[in-house]
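All values below were derived from every heavy atom in this structure, side-chain atoms included, with hydrogens, water molecules and symmetry-related copies excluded. In what follows, chains are A, B, ... by sequence order, proteins preceding strands, each numbered from 1.
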Amino acid sequence: MGFSKSYEPGEYESDIYAAWEAADVFKPKIPTIPVDDDESGTDDRMESGEYNTYSIVMPPPNANGNLHIGHGLTVALEDALIRYNRLMGKSSWYIPGADHAGFETWVVYERNLEKQGHTRFEFDRDELYSRVWNFVAEQRGNMELQLRALGASCSWQDLTFTLDENVVDQVYTTFEKMWQDGLIYRGEKLVNYCPKHQTAFADIEVEHKDEKGTLWDIEYKLADDPSRESTISSPTSIIVSTTRPETLFGDAAVAVNPEDKRYKNLIGKRVKLPLTDKTIPIIKDEHADPEYGTGAVKITPAHDFDDFQVGERHNLPRLQVIAEDGTMVNVPEKYNGLTASECRKEVLKDLKRQGLLKGEKKIEHSVAHCYKCGTVLEPMLKEQWFVDVERLAKVAIEHLENDEIKFFPANKKAVLINYFKGLKDWNISRQIPWGIAIPMFRKVDERATDEPDWIFDRRTHLKEIEKAGVKYVRDEDTFDTWFSSSQWPIVCTNWTPENYNPYYPLNVMETGADILFAWIARMIMMGIYVTGEVPFREVYLHGLVLDGQGKKMSKSKGNVINPMDLVTKYGSDAFRLGILRGRSAGMNQAFSENSVVAGRNLCNKLWNISRLIQSIVDDAAEESENSTSGITRDNERDEASRESTISSQYETLNMGEDWICREINECLKQVETDMKAYRFADAVEILYSTIWDKYADWFLESQKLFKNVELLKTTLEALLIALHPFAPFVTEVIWQNLSWTEGFIITAKWPSELEYDPISAEEFENIRTIVSEIRTTLQALPGTNNANKYGLLYDNDSLVNDNQLLIKALSKVPTINSLAGAPRGLRLALANHELYLDVPENVVKEYRDALEDRILAIGRELDALNARMFNPNYVDKAPAHLVKETRDQIKEKEALISRLKAQQELI
RNA sequence: GGGGAUUUAGCUCAGUUGGCUAGAGCGUACGAUUCACAUUCGUAAGGUCACAGGUUCGAGCCCUGUAAUCCCCACCA
């Protein structure tokens with residue numbers, strides 16, 4: 001292939017991914033289906049000790065959608081973990097998924113249906129299900145292609161769709177167990193109901209928004225009561241406050257607070273419900289707040305959550321007056337069939353006409369909306385399937401408090417426990433056809449009184465079944481998507497009760513912090529319930545990706561960044577490096593194209609580093625070819641290539657070489673700690689600075705003088721492998737391009753520690769200090785382009801004497817000479833070296849001010865150090881090594897100042 | 001009402017167990033230029049670490065309080 005002048009990701013990425021797939025490198029090394037050949041009941045791999053595994057499941061993206069920026073972040077994080085652990089030698093399994101996304105997809109489909117002039121009510125459930133199935137099948141594949149473009153090294157043959165047979169099987173098995181354990185019940189309760197989509201939601205799916213509304217005061221006249229006439233002052237009516245006058249037809253009572261003196265003698269009396277002939281009682285209940293409105297509140301148990309509870313306490317009838325399509329039912333003829341909002345207008349008009357509307361007030365209150373279409377949700381009385389969460393939540397809390405799951409960020413554990421403590425029963429019925437059918441059948445045979453009303457049966461493809469001569473019909477509802485998702489780690493890892501499974505629990509669950517409750521909480525409850533074990537050992541939560549200004553991305557704001565655009569423009573690696581930069585667990589963080597540009601630049605830098613090294617390797621090979629006879633040459637080559645696969649067959653000869661080994665070791669160690677602690681941004685940063693600031697700027701520059709071919713190879717390999725989890729494509733392209741590497745980098749081995757001479761490494765650090773000081777001083781001198789103007793003079797300095805070539809090359813000074821005891825020019829501000837730039841006196845004089853500044857600055861540092869030492873407590877209590885360090889620094893600064901002052905006097 | 005965060009350079013963010021003379025990227029200014037890379041190289045400027053107390057030899061970090069910004073849950077006739 002060869003190295004072109006710059007790295008063009010578009011030319012290589014898809015080929016590289018295809019090569020990985022063809023070589024089947026994403027597949028875990030250890031089989032993923034439990035093995036029990038000797039029928040001992042345990043997995044045979046346990047006995048052989050092969051359980052060095054690492055598993056992650058991908059939060060399944062919507063099967064018929066496109067990936068958004070959050071998916072981009074998810075893949076960058078999860079794939080980095082998987083690739084890192086693969087390089088560490090673990091049998092790593094990244095399990096991809098696709099979500100049928102029940103409600104989301106249904107909304108899209110229903111919209112299409114409406115566009116074509118149809119409604120869902122023209123078809124039965126089975127028909128609709130197969131229609132949506134086909135609709136999704138047409139769209140599928142997009143997101144899978146996009147995951148490939150992002151470089152996700154997931155095991156494609158294990159892709160799980162949330163409606164796959166094994167998923168449904170597991171869901172039914174779990175549901176059956178829960179049904180038998182009494183954790184599932186059918187209840188008539190108020191549920192949040194969207195009249196547009198005609199389905200109920202779980203509490204968690206409801207979006208509350210603060211809105212302006214009106215609070216009306218309506219007079220309810222006391223029903224005829226003989227005692228009323230006895231005193232003239234006694235009231236003849238009670239005024240209630242309400243935001244929903246149209247529901248008054250469903251009122252079952254008027255409640256007042258037991259402590260409220262105003263109404264004390266009205267309790268127990270009856271009032272006439274306006275616009276009807278009905279009468280209802282006045283009751284006392286804590287729910288009525290004397291401070292709010294008139295202090296009297298109408299109770300409508302069928303259409304308000306609080307009123308439902310009041311109704312339960314007082315055994316009030318629940319009369320439904322709004323039907324599932326949002327129109328009025330069970331109301332006087334004239335209102336029947338109106339929509340709720342039309343009815344409200346009529347009711348208000350009629351109340352006014354009768355003089356019963358006593359006041360209105362503008363208020364702000366929060367209103368529940370459908371999170372998809374924005375329609376105001378109607379609390380609706382419905383029979384639904386509920387999960388009794390009390391026991392599940394209690395057990396989950398125990399496991400959490402037992403520290404069985406580690407959270408990143410750590411505070412999310414407390415947040416989750418807090419959530420579990422207040423969790424209410426979970427409505428898992430949805431009235432949409434697109435989903436997993438609830439496997440329950442209702443008895444229709446009235447005569448079979450001994451049989452239960454509902455039975456569990458897996459044959460949901462049948463509309464009705466017969467058991468022991470009794471007929472049952474299928475419940476037409478489907479499961480809440482989160483009910484099936486809650487078992488995702490179980491189904492994806494092929495967990496079974498019989499066999500040990502080395503991939504369950506997952507090592508880590510990585511997902512968005514926004515679905516901590518909806519998903520993480522439910523996976524924990526259900527995972528423990530089904531398997532007895534927590535479903536994952538660690539949880540890493542990422543925050544939202546915000547736009548460059550820190551604003552939430554939204555279509556309406558037009559600030560949505562499409563990850564695929566950035567991948568096309570800068571390459572997958574650049575995107576991945578860019579999106580990880582500056583990001584930490586659980587935080588919503590801004591993201592801009594700039595950081596992707598920085599990532600792209602790093603890829604190009606690495607490319608050119610490799611290009612340089614390859615050219616050095618080629619030159620060396622050519623040289624040895626010229627200097628040896630044909631026969632021995634071949635032998636040598638064989639030898640060399642064999643050695644290179646063993647790697648680290650190098651010897652350090654020059655200081656820069658020891659130094660870079662030290663720095664790379666340090667970097668690798670840092671990356672290892674960062675990965676353990678999920679500090680992705682830190683890992684990227686240390687790699688960035690090691691590759692760029694250290695390897696390229698210092699080591700490679702020094703290698704232009706001394707070419708250590710074997711070391712160049714070894715160190716480049718180490719850096720490529722270390723960066724691979726974050727920039728998989730460019731590192732693999734380079735790996736394939738280099739003449740001496742073999743196989744794929746994706747399956748390479750994490751580099752081992754490099755050997756070096758620490759004294760020599762430290763000497764190179766001194767050289768760097770000297771060179772930096774030369775550069776700084778040259779820049780500060782008057783005039784431009786000073787680099788090649790002034791020579792360097794040294795006195796009695798073996799480090800400089802021995803490394804003249806290196807210093808010259810790095811600092812660009814034209815000459816280096818011993819000044820032989822006669823100092824001249826400008827002294828460099830280095831305490832341990834007597835070095836001068838051979839600058840003419842007039843230039844030195846112009847530099848005087850800069851020198852003065854320098855002396856003052858060092859003086860201030862010295863003062864701070866001295867102040868520390870004058871404090872006896874510091875000397876007593878601070879650790880000895882710090883005190884010594886301070887002493888040394890004082891000595892150094894004092895020496896430096898006195899020398900600079902001497903210099904100043906010379907001028 | 002309950003819970004959780006955030007506040008550090010112009011911008012976006014690091015700062016892990018208190019040792020800091022507070023860092024990075026981008027941006028800005030100045031300089032360089034054939035020989036891997038202008039997607040480059042070198043140098044610099046830029047900070048009252050939100051505020052007020054406290055603990056400590058030592059606080060960006062720990063404690064108490066205040067302010068501002070944000071998120072989640074519950075409630076709102």
Side-chain angles (χ1 to χ4, degrees), chain A residues 3 5-7 203-204 208 210 213 215-217 240-244 255 287-289 292-300 304-307 363-367 409 411-412 414-415 418-419 422 424 513-514 516-517 543-544 546 548-550 570 574 581-584 586-592 594-595 597-598 600-616 673-674 677 679 681-682 685 688-689 696-697 700-701 704 772 775-780 784-788 811-812 860-861 864-865 868 871-879 881-883 885-886 889:
Chain A
F3 288 96
K5 199 172 173 189
S6 63
Y7 175 59
D203 298 343
I204 202 160
H208 290 276
D210 279 340
L215 185 68
W216 286 280
D217 293 339
V240 300
S241 300
T242 182
T243 53
R244 303 212 54 190
H287 169 63
D289 176 2
Y292 195 94
T294 60
V297 55
K298 68 193 210 49
I299 302 298
T300 323
D304 182 278
F305 287 97
D306 290 327
D307 294 3
I363 55 155
E364 193 154 292
H365 61 156
S366 102
V367 181
N411 70 294
K412 294 294 180 189
V415 176
N418 186 51
Y419 172 75
K424 290 194 202 146
D514 52 338
L516 176 65
F517 299 153
L544 294 178
L546 307 174
Q549 278 70 49
Y570 300 106
R581 181 172 288 248
R583 206 158 288 276
S584 50
M587 295 283 298
N588 298 343
Q589 265 150 0
F591 169 69
S592 77
N594 277 344
S595 54
V597 171
R600 188 265 319 254
N601 293 355
L602 178 64
C603 293
N604 188 59
K605 188 74 184 177
L606 195 62
W607 178 261
N608 275 290
I609 286 170
S610 308
R611 182 151 78 109
L612 173 66
I613 291 175
Q614 182 63 60
S615 75
I616 293 173
T673 350
D674 287 340
R679 290 192 294 254
D682 288 14
E685 195 174 309
Y688 189 101
S689 68
D697 290 349
L700 285 186
E701 287 306 318
K704 285 176 180 171
S772 292
R775 286 173 179 171
T776 310
T777 311
L778 285 172
Q779 288 277 339
T784 61
N785 199 0
N786 288 324
N788 296 313
S811 67
K812 304 255 164 56
R860 279 192 297 273
E861 287 167 18
L865 291 170
R868 204 179 289 171
N871 181 345
N873 285 321
Y874 176 70
V875 184
D876 280 358
K877 293 184 183 173
H881 73 273
L882 281 172
V883 178
E885 201 178 285
T886 309
Q889 282 176 349

Quick one: which protein N/O atoms are closer than 3.5 Å to N/O atoms of nucleotides 22-24 of chain B? Pair and distance per line, please.
none

Do A:Gln889 and B:rU21 have a side chain to base donor-acceptor pair shorter than 3.5 Å? yes
Confirm from the modelled atom types if A:Lys5 and B:rC37 form a donor-acceptor pair under 3.5 Å, side chain to base only. no
Does [X] have any side-chain hydrogen bond (donor to acceptor under 3.5 Å, both in side chains) partners at least two apart in sequence or in another chain, and if so, which?
X	answer
A:Ser811	none
A:Tyr292	none
A:Arg611	A:Asn608
A:Glu685	none

With a cut-off of less than 4.0 Å, is there a side-chain N or O of [X] near OP1 or OP2 of [N]?
X	N	result
A:Lys605	B:rC41	yes
A:Lys412	B:rC71	no
A:Gln589	B:rU6	no
A:Ser584	B:rA14	yes
A:Asn411	B:rA5	yes

Rounded off to whole Å, could you give me the [atom1]-to-[atom2] distance for the [X] and [N] pair?
X	N	atom1	atom2	answer
A:Leu865	B:rG19	CG	C1'	13 Å
A:His365	B:rA74	NE2	C1'	17 Å
A:Leu516	B:rG3	CG	P	17 Å
A:Asn588	B:rU7	CG	P	13 Å

So which protein nitrogen or oxygen atoms get under 3.5 Å of nucleotides 43-45 of chain B's nitrogens or oxygens?
none

Distance check, P atoms only: B:rA5 and B:rG15, in whole angstrom units.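 About 15 Å, rounded to a whole number of Å.
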Work out how far the P atom of B:rG42 is from that of B:rC35, and round it to whole angstrom.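 That atom pair is separated by 15 Å.
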Within the 4.0 Å heavy-atom criterion, would you say A:Leu215 contacts the bases, only the backbone, or no part of the nucleic acid? sugar-phosphate
Taking any heavy-atom pair under 4.0 Å as a contact, classify A:Asp697: base, sugar-phosphate, or nothing. sugar-phosphate
Based on Watson-Crick and G-U pairs with both distances under 3.5 Å, what dot-bracket line describes RNA chain B 5' to 3', crossing pairs as [ ] and inter-strand pairs as |? (((((((..((((.....[...)))).((((((....).))))).....(((((..]....))))))))))))....
Can you name the atoms? Protein N/O to nucleotides 16-18 of chain B N/O, anything below 3.5 Å, with the distance.
unit_1: B:rU16; atom_1: O2; unit_2: A:Arg679; atom_2: NE; d: 3.4
unit_1: B:rU16; atom_1: O2; unit_2: A:Arg679; atom_2: NH1; d: 2.4
unit_1: B:rU16; atom_1: O2; unit_2: A:Arg679; atom_2: NH2; d: 2.4
unit_1: B:rU16; atom_1: N3; unit_2: A:Arg679; atom_2: NH2; d: 3.4

Filtered N/O pairs between nucleotides 53-57 of chain B and protein, under 3.5 Å:
unit_1: B:rC57; atom_1: OP1; unit_2: A:Lys877; atom_2: NZ; d: 2.1
unit_1: B:rC57; atom_1: O2'; unit_2: A:Asn871; atom_2: ND2; d: 2.4

With sequence neighbours excluded, residues passing side-chain contact (heavy atoms from CB on, under 4.5 Å) with A:Ser595: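 side-chain contact (heavy atoms from CB on, under 4.5 Å) check on A:Ser595 returns A:Arg581, A:Phe591.
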Can you list the residues that meet the ring-ring contact (aromatic ring centres under 6.0 Å, His included) rule with A:Tyr7, with sequence neighbours excluded?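 For A:Tyr7, the residues satisfying ring-ring contact (aromatic ring centres under 6.0 Å, His included) (neighbours in sequence not counted) are A:Tyr12, A:Trp607.
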Of all residues at least two apart in sequence or in a different chain, which pass the ring-ring contact (aromatic ring centres under 6.0 Å, His included) check with A:Tyr570? none
Residue A:His208, side-chain heavy atoms: nucleotide from B:rG19, B:rG3, B:rA74 that is nearest: B:rA74
